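Heads up, the thing below is written out as structure tokens.
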Amino acid sequence: MAIELSTSIAEFPTVGPRTAQRLKKLEIKTAEDLLFYFPFRYEDYSNISNIREARHGESTTIKAHVDLIHNKRSPRKRMIITEAILSDDTGSIKAVWFRQPFLTKIILPGDELFLSGKVEGDLLSFQMINPVYEKVKSIPLHTARLVPVYPTTAGITQKQIRFLIKHALPAVDMIVEWLPSFIKNKYRFLGYTDALRQIHFPQTTKLLEKARKRIGFNELFLIQLGMLKTKYELANRQAPSMVFQEKEVKKFVDNLPFTLTEAQKKSSWEIIKDLEKGHPMNRLLEGDVGSGKTVVAALGMINTVSNGFQTAIMAPTEILALQHFNTLQKLFQKEKNIHICILTSTQAKKTNSKEVKKADCLKEIKSGKINIVVGTHSLIQKSVLFKNLAFIIVDEQHRFGVNQRKAIMEKNPKETSWTPHLLSMTATPIPRSLALTVYGDLDLSIIDQLPKGRKKISTSIVPKFKRQDAYNFIKKEIQKGRQVFVICPLIEESDKLGVKAVTSEYEKLNKEVFPDISIGILHGKMKSKEKEDVMNKFVDNKLKILVATSVIEVGVDIPNTTIMMIEGAERFGLAQLHQFRGRVGRSTHQSYCLLFFDQTGPDVLERLQAFAKSHNGFDLAEKDLALRGPGEVYGSKQSGHFPNLKVARLTDYELVRKARSEAEQLLKNDPHLNKNQFLKKKIADFTKNVHLE
Ligand code: ADP
Ligand code: MG
């Protein structure tokens, strides 16, 4: 039977119901799925050596005849060991396998085998432990070549997957070559089917590289096409065109307790210009921690409100929403026409009032009396309706999913024919190539300088024997009037919110280390009211030390805090550590970041030292990216920001740039992809998952 792309794996030889079930776990159901199930690395067994050339410690492949093979019991009798002696023209070697007694039925004296693996021993007695074996044939699969290694699951072996993929391979001829041929020729890409063949069973490393490039380009090209199409479509929609309210905005800026940095001015201007356009803004404001994004957003808000529209800011945590509420109240306290409220799952509050009924708040949002709404995810709830929400800010946007960001766009009355402007903000610096791939549909504003007078945060790694010194230092800072954050890592998987670690640290500090100092505790399991109380006390300087989990990670702004002490620092990524560190150094006082660690490994100190030396979020993000990959660094794969790339590396700027420029070109000539129905269909699936629509 000929294999088709849609052939079910159940029809493959050796696949029974159990195997089919296991393959399903890997999302493999058809021949096509197998073809797109790519190796994550390769074992280079392509050099076949003589037994005499074998060297201790080297990985190699030998080609030899089996002289004898037998099973025996291990000295402690628990385990069956299979031993074989093999030889070629130059010498002989022993092969040993554990717990595979059936081998004596498969491998027989006289057979010619490839054995791939690590060689041990010396010239007198070489052996290979658990080598991969394969009977010699013209095209080996598992040995004597670049051997693909696949991600797998319990009960499915590498040999099995390779066998199945090999079996599915003829169907590759039915894969459509959808990349326009002028692009293919321009970059001398491999044909798609060749690339697919080579990525599984590469003939040479060079061909493998070409295959990866071709398949990677496909992935990136589709993403760029999808992103750009979204971008152009959005640019064709209507949004309120807001006049630049120069007087109001100027008054606001003049009343600030500081002067804006050049970078803040530039970003603010880009936002004002966007609001004017009559088409929806879709912009990302990127600025390192403490660079002052909030005030830039506020400037857009005042312009919006002065134009008679409503605006909302959505933050990922209640603590942060509350902080924004307080900040905005202060910034706008002289503005008679501004009415602000905060809305979270547990509370509703208006300017200068204690709590109000949520229902009242909702009513005034709907009537338009309240023109600035601050909130958490709860802004998305059905009950929240606006009169004319025209400018939305999503703070720490990587914390929100695609659907949440979409939902907040749909809060106006049904008959509203325009789309609101959207500003996303992030403190996570994103290298250029990544920004193009991940945020290719957004315009970018970057705040690349910190406000004047900020001192570099002195970062030290504290070895165990200096712990007491560090505590003494903390005491002194507190005596000077400063405050301290203490961050605890998650210790056990089962303790997802880190409650245990943070509680025991709190108790230790409270009872043993600083019995005379008032200490607070903050973690995700606490009720919002409790959290708010603790935060308020800390802001009012009634608590001197705040022991917290990573809930404090994003956004929190308490300038009097000058020490960030981090326990178990080795458990955090560099970008996250940078976020923590960014909680201090927000005033003109010298600030400190103290890193404690529990585990030492060769890389731990190196990583922490790299962190201590670098204060540039960009550099740290790049390092982190190389060490841990984008999904980890930028969090939440489910946020939809990170397209599921199987082969392309997001850090391959060259390839990303090419994909981008070709996609731009293609859309220029064929904006709706009407001349390219196959691509049109392909990216229709994709665009469902990008930032908007
Ligand atoms: P982030 O970009 O991390 O969100 P924030 O908006 O919270 O930073 O601002 C950090 C702190 O810096 C706030 O206390 C804010 O009032 C202050 N700030 C913002 N801009 C300036 C400036 N130009 N000069 C001095 N301080 C500023
Ligand atoms: Mg912020």
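All residue numbers in this chain count up from 1 along the given sequence. These figures come from a predicted structure and were not determined experimentally. Numbering of ligands and ligand atoms starts at 1, following listing order.
For Gly290, a nitrogen or oxygen atom sits less than 3.5 Å from a nitrogen or oxygen atom of ligand 1, counting backbone and side chain alike. Taking only nitrogen or oxygen atoms, main chain and side chain alike, Lys452 does not reach within less than 3.5 Å of ligand 1. The shortest N or O to N or O distance between Val295 and ligand 1 is not under 3.5 Å.
When the options Arg482, Gln483, Gln590, Glu477 are evaluated for a side chain to side chain donor-acceptor pair (under 3.5 Å) with Thr562, the one that passes is Glu477. Of the candidates Arg283, Lys293, Glu286, Lys266, Arg283 is the only one forming a side chain to side chain donor-acceptor pair (under 3.5 Å) with Ser445.
Ion pair Asp598/Arg571 flagged as a salt bridge, since at least one NZ, NE, NH1 or NH2 atom sits closer than 4.0 Å to an Asp/Glu carboxylate oxygen. Between Lys265 and Glu270 there is no salt bridge, since no side-chain N of the basic residue sits under 4.0 Å from a carboxylate O of the acidic one. The pair Lys537-Asp540 does not count as a salt bridge, with every side-chain nitrogen at least 4.0 angstrom from each carboxylate oxygen. Using a 4.0 Å cut-off between charged nitrogen and carboxylate oxygen, Lys273 and Glu276 count as a salt-bridge pair.
For the ligand labelled ligand 1, residue His324 lies outside the 4.0 Å heavy-atom shell.
Numbered from 1 in the order shown, with element, the atoms of ligand 1 that lie under 4.0 Å from a heavy atom of Thr294 read 4 (O), 5 (P), 6 (O), 7 (O). Counting atoms of ligand 1 from 1 in the listed order, those under 4.0 Å from a heavy atom of Gly292 are 1 (P), 2 (O), 5 (P), 6 (O), 8 (O), 9 (O), 19 (C). The distance from ligand 1 to the heavy atoms of Arg454 drops below 4.0 Å at these ligand atoms: 11 (C), 12 (O), 17 (C), 18 (N), 26 (N), 27 (C). Every atom of ligand 1 is numbered from 1 in the order shown, and the set under 4.0 Å from a heavy atom of Thr261 is 23 (N). Annotation for ligand 1: atoms under 4.0 Å from non-hydrogen atoms of Gln264 are 19 (C), 20 (N), 21 (C), 22 (C), 23 (N).
Here Thr259 has backbone heavy atoms under 4.0 Å from ligand 1, and that is the only part of it that gets that close. By the criterion of a heavy-atom distance under 4.0 Å, neither the backbone nor the side chain of Glu262 is placed next to ligand 1. Contact annotation: for Met425 versus ligand 1, there are no heavy atoms closer than 4.0 Å. Looking at Leu260 against ligand 1, only its backbone comes within 4.0 Å, counting heavy atoms.
Using the six-membered ring where Trp is involved, Phe332 and Phe252 have ring planes that are tilted, between 30° and 60° apart.
Looking at Arg583, Lys265, Lys293, Gln579, it is Lys293 that brings a heavy atom closest to atom 2 (O) of ligand 1.
Evaluation of the salt bridge (charged side-chain N to carboxylate O under 4.0 Å, His left out) test over residues 327-340, restricted to residues two or more places apart or in two chains, returns Lys251-Glu335.
In this structure, Arg581 satisfies the cation-pi test against Phe611, with its NZ or CZ atom closer than 6.0 Å to the six-membered ring centre and inside 45 degrees of the ring normal.
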